[in-house]
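Presented below is the structure to which this report refers.
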2 protein chains.
Amino acid sequence: MRMQQTQLKEPARIPSDPIQRAWIALGRVSQAIREDVALALKNARLPDITWYTVLWELERAAKPTRPKDLAIPLFIMPYQLSRLVDRMEEEGLVQRIACPEDKRGHLLEPTPEGYEMRKRMWTVYAPAMEEAMKRIGDAEALQLAQLLNRLGGIDYPVPPKA
Amino acid sequence: MRMQQTQLKEPARIPSDPIQRAWIALGRVSQAIREDVALALKNARLPDITWYTVLWELERAAKPTRPKDLAIPLFIMPYQLSRLVDRMEEEGLVQRIACPEDKRGHLLEPTPEGYEMRKRMWTVYAPAMEEAMKRIGDAEALQLAQLLNRLGGIDYPVPPKA
DNA sequence: CTGAGTTTGTTGCATTCGCAACAATGCCTC
DNA sequence: GAGGCATTGTTGCGAATGCAACAAACTCAG
């Protein structure tokens, strides 16, 4: 019989003060700057950032892409993507085309209007991002990115956005 | 007439590579760890983090508090809070009590079950936070918090959570 | 006191979301 | 190639959300 075993009844381990501070700051700041950029897009009567991300991911793949291959890097659930694509298709920004090797699914591709829209969104997105991040410099940004990637267990460099 | 004036037609300024990396990492990592903790609470059949935050903010205030005074620090819109309180009241976790000085509003106070619930949630929340943040140490966490707070324009130290 | 303007909080409505159930196809073993 | 399991994607439905309109109470100048 061991002493010190981690058991149910012992008081829950409390995250250290620095961990708590990082946790809180992460929640608040990420929300704040995401909202800043979201607002900029809305004010310009442009679609949500998510739409941008989908369009950009498709464009970056440079070939028709399966929904399942989008869902992973975009961090969204398949049923969300399904309806997201519904709406984007309705707006004429992407199209579902038949998938030869797997008749369950299909391939996604931006329409010409889709490419156009992505570009147009970037002209608002980019300055808004710049504005939201203006309080830190490049050196700090790099440091921040590295810390975050370590925190998230990402050890490869994330490719830049555009 | 000035040269160099920032005008509409010039190509949109593109955020530097480090800024873009920080932006992306911030979005992904914050989402990922938030979902981790949210999942832990859901698996324990406990309410959402937002409920915790409300209960904790009320408890920290140590006196009945106006909705408007909660909305600011919680970063949520009044109409969201309104319905949030509806649901929490329905579950018997908070109560609206009459406000003597302003008959428009009311004061919010946790019920005994509310205090109880906050405590119970913390026993899941704390270890989940610890787990989600385990990849960085205290020194890094502090550095991260400082960078984030600078980014968010917050120059006072954020009080720890519990 | 009165009436204009503000603050505080709620609500109707259309949209969106999350979940679990589902259809359809693919894959793999016997 | 038949039957069982896994993968891929969609959908019905109840709950939640965002927005704009709203009611009620407060403030304050005249």
Side-chain angles (χ1 to χ4, degrees), chain A residues 31 34-54 57-58 61 64-91 93-109, chain B residues 31 34-54 57-58 61 64-91 93-109:
Chain A
Q31 188 190 351
R34 196 160 5 93
E35 279 176 8
D36 285 351
V37 173
L39 188 62
L41 284 170
K42 177 151 32 179
N43 286 342
R45 307 292 175 95
L46 290 172
D48 190 80
I49 311 183
T50 317
W51 291 37
Y52 180 93
T53 315
V54 168
E57 203 66 23
L58 286 177
T65 306
R66 296 287 293 276
K68 62 163 181 142
D69 297 324
L70 276 189
I72 311 299
L74 293 186
F75 264 76
I76 70 182
M77 314 237 57
Y79 68 83
Q80 291 176 314
L81 184 55
S82 178
R83 299 211 243 231
L84 182 52
V85 171
D86 284 348
R87 279 169 241 147
M88 294 181 70
E89 203 174 22
E90 232 166 285
E91 299 292 329
L93 299 179
V94 299
Q95 50 187 334
R96 295 185 230 239
I97 59 185
C99 175
E101 312 124 12
D102 189 338
K103 269 178 270 183
R104 281 172 301 190
H106 35 245
L107 297 167
L108 299 177
E109 200 179 30
Chain B
Q31 187 190 352
R34 197 161 2 94
E35 279 177 7
D36 285 351
V37 173
L39 188 62
L41 285 170
K42 177 152 31 179
N43 285 343
R45 308 291 175 93
L46 291 172
D48 190 81
I49 312 185
T50 318
W51 290 37
Y52 181 93
T53 316
V54 169
E57 202 66 24
L58 286 177
T65 306
R66 295 289 292 276
K68 62 163 180 139
D69 297 323
L70 277 190
I72 311 299
L74 294 186
F75 264 77
I76 70 182
M77 316 239 55
Y79 68 82
Q80 291 176 315
L81 184 55
S82 179
R83 298 210 244 230
L84 183 51
V85 171
D86 284 348
R87 280 169 242 148
M88 295 182 69
E89 203 174 23
E90 233 165 285
E91 299 292 329
L93 298 179
V94 300
Q95 50 188 333
R96 294 185 231 239
I97 60 186
C99 176
E101 311 126 15
D102 190 337
K103 268 178 272 183
R104 280 173 301 190
H106 37 244
L107 298 167
L108 300 176
E109 199 179 30

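As a basis for the values below, the full set of heavy atoms in this structure was taken, side chains included, without hydrogen atoms, waters or symmetry mates. Reminder, nothing fancy here: chain letters follow the sequence lines and each chain counts from 1.
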So, taking the atom named [atom1] in [X] and the one named [atom2] in [Y], what distance separates them when rounded to the nearest 0.5 Å?
{"X": "B:Leu93", "Y": "B:Leu108", "atom1": "CG", "atom2": "CG", "result": "12.5 Å"}
{"X": "A:Leu107", "Y": "A:Gln95", "atom1": "CG", "atom2": "CD", "result": "11.0 Å"}
{"X": "B:Leu39", "Y": "B:Arg34", "atom1": "CG", "atom2": "CZ", "result": "13.5 Å"}

First and last nucleotide of DNA chain D in contact with chain A, 5' to 3', at under 4.0 Å to a heavy atom: what are they?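 Under 4.0 Å from chain A, the extent on DNA chain D is D:dT7 to D:dC19.
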Does A:Ala61 offer a backbone N or O that forms a donor-acceptor pair with the side chain of A:Thr65 under 3.5 Å?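 No; judged by distance alone, with no hydrogens or angles, the pair does not exist.
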Value in whole Å for how far the [atom2] atom of [N] lies from [atom1] of [X]:
{"X": "A:Asp86", "N": "C:dC17", "atom1": "CG", "atom2": "P", "answer": "12 Å"}
{"X": "B:Arg83", "N": "C:dA14", "atom1": "CZ", "atom2": "P", "answer": "14 Å"}
{"X": "B:Gln80", "N": "C:dT16", "atom1": "CD", "atom2": "P", "answer": "16 Å"}

Nearest nucleotide by nearest heavy atom, which residue falls closer to the 5' end of DNA chain C, A:Met77 or A:Glu101?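 The 5'-side residue here is A:Met77.
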So, using side chain to side chain donor-acceptor pair (under 3.5 Å) as the criterion, who are the partners of A:Glu35 when residues are at least two apart?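 Counting only residues at least two positions away or on another chain, A:Glu35 forms a side chain to side chain donor-acceptor pair (under 3.5 Å) with A:Gln31.
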Not counting sequence neighbours, which residues clear salt bridge (Lys or Arg N to Asp or Glu O under 4.0 Å) with A:Glu91? List them please.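 For A:Glu91 there are no salt bridge (Lys or Arg N to Asp or Glu O under 4.0 Å) partners, ignoring immediate neighbours.
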Taking protein heavy atoms under 4.0 Å as touching, what does nucleotides 2-9 of chain C look like 5' to 3' if B marks base contact, S marks sugar-phosphate-only contact and - marks none? -----BSS
Using a heavy-atom cut-off of 4.0 Å across all strands, would you classify B:Arg87 as base, sugar-phosphate, or nothing?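 Contact class for B:Arg87: sugar-phosphate only.
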When the nearest nucleotide of DNA chain D is assigned to A:Lys42 and to A:Val85 on a heavy-atom basis, which residue is associated with the more 5' position?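 Closer to the 5' end of DNA chain D: A:Val85.
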Report, one line per pair, each donor and acceptor closer than 3.5 Å where one atom sits in a side chain of residues 74-82 of chain A; sequence neighbours left out.
from, atom 1, to, atom 2, distance (Å)
A:Gln80, OE1, A:Met77, N, 2.9

Pairs flagged by salt bridge (charged side-chain N to carboxylate O under 4.0 Å, His left out) wherever residues 94-104 of chain A is involved - sequence neighbours left out: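 Only A:Arg66-A:Asp102, A:Asp86-A:Arg96, A:Glu89-A:Arg96, A:Asp102-A:Arg104 qualify under salt bridge (charged side-chain N to carboxylate O under 4.0 Å, His left out).
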